[in-house]
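Heavy atoms only: backbone and side chains are in, while hydrogens, waters and symmetry mates are out. Ligands are counted one by one from 1 in listed order, and the atoms in each one are counted from 1 as well.
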Amino acid sequence: MNQHPADLGGPLLAALDIGGTKIAGGLVDTRGTLLHRLQVPTPADGDRHVLMAAVGRVLDELSRLPDWHRVRALGIGSAGPVDIAAGTVSPINLPGWREFPLRAETAAHPAVRGLPIVLGGDAVAMTAAEHWRGAARPYRNALCLVVSTGVGAGLVLDGRLHTGTTGNAGHLGHISVDFEGRPCPCGSRGCVEGLASGTAIARTAAESGWRPGPDGDTTAAAVARAAKSGDPLALAAFDRAARALAAGIAATATLVELDVAVIGGGVATAGDVLFTPLARHLSSYATLPFTRDLALAPAQLATDAGLVGAAALARPTALGS
Ligand SMILES: [Zn+2]
């Protein structure tokens with residue numbers, strides 16, 4: 001399966017991608033090629049034991065693969081918040097896990113015993129994936145965003161993933177770009193997420209008087225389809241989201257000097273409907289000479305980003321670099 005001859009028998013990375021709807025597992029070679037992939041539905045309403053049992057089933061399956069003996073480290077990308085210092089996760093959409101010791105519980109699985117485990121948030125894992133194999137690869141300083149039901153992000157600085165102590169550095173979704181704006185569930189106001197997520201785009205459209213087609217679909221994907229066909233209210237909803245993202249990206253670029261902003265996630269699949277206003281607004285917010293050349297790129301690793309990213313988190317540990 002997509003195996004390069006030079007990798008036959010070489011070290012592998014195991015990867016877990018834990019989200020609100022699925023728990024995926026995979027084996028990835030040191031070139032970043034996903035060799036095996038499997039997944040189970042996430043028992044999102046389950047308690048801590050039910051959720052961990054689902055993770056255990058994925059590890060059981062992975063460890064039965066003939067290549068398992070080549071695995072040198074396990075990377076875990078999880079829905080957040082995460083605390084990589086404590087080894088815990090508290091995914092918003094998995095209420096059964098609050099400060100759940102995922103790293104220690106995973107380490108206790110019979111197949112995993114002795115393997116180094118590296119934990120990270122899903123957006124940071126996606127950032128690692130895009131820097132390893134995707135759109136951020138040519139760059140030393142990158143901000144990678146996942147714009148979907150929420151807005152997550154991660155940073156690569158000076159060629160290395162910058163996680164921060166707890167693994168949450170670069171969390172652009174909860175940077176305020178409207179300091180007198182709408183209260184955000186995080187406790188702040190006017191956060192990027194509240195203006196630019198898929199949820200926010202759908203709400204902006206509905207509040208402006210946009211009405212769905214005969215199918216009754218009011219999601220951001222439906223708003224994107226309407227925008228593509230020229231609907232002015234749908235276009236305005238995307239323009240507002242793009243403006244919030246541009247303000248947040250420009251602030252980050254001013255703070256740390258970025259070379260590229262990579263945008264992935266479901267909302268980014270809207271394509272030009274998002275990227276055209278985003279580029280325009282970015283040029284009006286990123287105005288200082290050292291921010292003007294910032295590149296904008298769509299993410300490249302759509303479906304595999306979670307697993308490749310989880311493997312990317314573990315790669316330095318496995319290879320001793
Ligand atoms: Zn917030």
Side-chain angles (χ1 to χ4, degrees), residues 18-21 44 77-86 88-95 97-100 119-127 142-155 157 162-208 219-220 223 236-256 258 261-268 270 274 277-278 281-282 285-286 299:
I18 301 175
T21 57
S78 173
V82 302
D83 182 338
I84 64 172
T88 59
V89 301
S90 309
I92 290 166
N93 46 9
L94 303 179
W97 276 357
R98 286 294 170 269
E99 295 181 23
F100 180 74
L119 174 66
D122 48 9
V124 171
M126 174 272 196
T127 300
L143 173 70
C144 298
L145 292 87
V146 184
V147 187
S148 58
T149 51
V151 176
L155 280 171
L157 298 179
H162 180 79
T163 63
T165 302
T166 66
N168 293 286
H171 199 348
L172 187 84
H174 293 285
I175 283 178
S176 177
V177 289
D178 180 4
F179 67 85
E180 292 175 333
R182 198 191 288 258
C184 179
C186 79
S188 181
R189 279 181 179 274
C191 290
V192 170
E193 181 168 285
L195 293 157
S197 68
T199 316
I201 290 168
R203 188 180 59 217
T204 300
E207 287 176 357
S208 74
T219 62
V223 180
F238 268 87
D239 188 81
R240 184 164 184 255
R243 198 168 171 190
L245 289 172
I249 293 167
T252 311
T254 307
L255 202 62
V256 298
L258 296 174
V262 175
I263 324 284
V267 172
L274 179 69
L278 181 53
H281 288 306
L282 197 53
Y285 287 109

| message | I'd like to know if the side chain of Arg98 reaches the main chain of Pro91, judged simply by a donor and an acceptor atom lying under 3.5 Å from each other, with no hydrogens or angles considered. | response |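 Yes.
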| Who pairs with Phe100 by ring pair (Phe, Tyr, Trp, His ring centres under 6.0 Å), at least two apart in sequence or on another chain? |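 So Phe100 forms a ring pair (Phe, Tyr, Trp, His ring centres under 6.0 Å) with Trp97.
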| query | With sequence neighbours left out, what residues match Arg203 under side chain to side chain donor-acceptor pair (under 3.5 Å)? | reply |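 With neighbours one apart ignored, the set is empty.
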| request: Inspect the surroundings of CD in Glu180 and state if more than 12 heavy atoms from other residues, nucleotides or ligands are less than 6.0 Å away. | output: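 No, CD of Glu180 has 12 or fewer neighbouring heavy atoms, counting only those of other groups under 6.0 Å.
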Side-chain donor-acceptor distances from residues 248-255 under 3.5 Å, at least two apart:
from   : atom 1 : to     : atom 2 : distance (Å)
Thr252 : OG1    : Gly248 : O      : 2.8
Thr254 : OG1    : Ala250 : O      : 2.7

| message | As an exercise, state the distance from CG of Asn168 to OG1 of Thr163, rounded to the nearest 0.5 Å. | response |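 Interatomic distance, Asn168 CG to Thr163 OG1, rounded to 0.5 Å: 9.0 Å.
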| Protein N, O or S atoms lying under 2.8 Å from the Zn ion (ligand 1), listed by chain and number |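 Protein N/O/S atoms under 2.8 Å of the Zn ion (ligand 1): His174 ND1, Cys184 SG, Cys186 SG, Cys191 SG.
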